[in-house]
Amino acid sequence: MQDVTIHITDRDGEKHTVLAPTDMAMNLMEIIRSYELAPEGTIGICGGMAMCASCQCYVTSEHKINTMEDEEEAMLSEAFNVKNNSRLSCQIPISDILNELEIELAPES
């Protein structure tokens, strides 16, 4: 099993360093939920279908992650607190290229 290290700043500004498995077909939102870094019911409300923006995060490192699909772009165009580095964490699959990724959870809206 191969794990990657991800640095997550929660909505209270607290920084967490977590390990995420690359062999379980998980996405970043599922990692955030599994480590309970946001109160239950405040992240991943749609179950990871890019139909809400509850899992919005800001990518603060220079990682080249997967390209944003149309559904994610459309959802972010209607969301609050969107920045140039906004992504839906449910649309970021865990893979080796995410090692040492740094993100910040967007405020709850």
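Note that the structure is predicted; figures quoted are calculated from it, not measured.
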Considering only heavy atoms from C-beta outward, does the side chain of [X] approach that of [Y] to under 4.5 Å?
{"X": "I6", "Y": "T17", "value": "no"}
{"X": "R87", "Y": "N66", "value": "yes"}
{"X": "K15", "Y": "H7", "value": "no"}
{"X": "I103", "Y": "I32", "value": "yes"}
{"X": "Q91", "Y": "M68", "value": "no"}
{"X": "N99", "Y": "T5", "value": "yes"}
{"X": "R33", "Y": "I43", "value": "yes"}
{"X": "T42", "Y": "R11", "value": "yes"}

Contact summary for [X] and [Y], nearest pair of heavy atoms:
{"X": "C52", "Y": "S54", "value": "SG-OG, 3.1 Å"}
{"X": "C55", "Y": "C90", "value": "SG-N, 3.4 Å"}
{"X": "V4", "Y": "D96", "value": "CG1-CA, 3.9 Å"}
{"X": "P21", "Y": "I31", "value": "CD-CD1, 4.0 Å"}

Measuring from [X]:[atom1] to [Y]:[atom2], what's the distance to the nearest 0.5 Å?
{"X": "I94", "Y": "D3", "atom1": "CD1", "atom2": "CG", "answer": "10.0 Å"}
{"X": "E71", "Y": "M49", "atom1": "CD", "atom2": "CE", "answer": "9.5 Å"}
{"X": "L88", "Y": "E73", "atom1": "CG", "atom2": "CD", "answer": "11.0 Å"}

| said: Using the rule side chain to side chain contact (heavy atoms under 4.5 Å, CB included), only one of T9, L105, N81, V82 pairs with Y58; which is it? | reply: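 Going through the options one by one, the only one that passes is N81.
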For the backbone of [Y] and the side chain of [X], can you confirm whether one donor and one acceptor N or O come within less than 3.5 Å of each other?
{"X": "S89", "Y": "C57", "answer": "no"}
{"X": "E104", "Y": "T60", "answer": "no"}
{"X": "D10", "Y": "L37", "answer": "no"}
{"X": "D12", "Y": "E14", "answer": "no"}

| With a cut-off of 6.0 Å (strictly less than), are more than 12 heavy atoms of other residues, nucleotides or ligands near CD of E69? |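 No, because the 6.0 Å sphere around CD of E69 holds 12 heavy atoms or fewer from other groups.
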If hydrophobic clusters are built from ILVMFWY residues whose side chains come within less than 4.5 Å, do [X] and [Y] share one?
{"X": "L101", "Y": "M26", "answer": "yes"}
{"X": "L19", "Y": "I65", "answer": "yes"}
{"X": "M29", "Y": "L98", "answer": "yes"}

| Side chains of Q56 and S86: donor-acceptor distance under 3.5 Å anywhere? |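 Yes.
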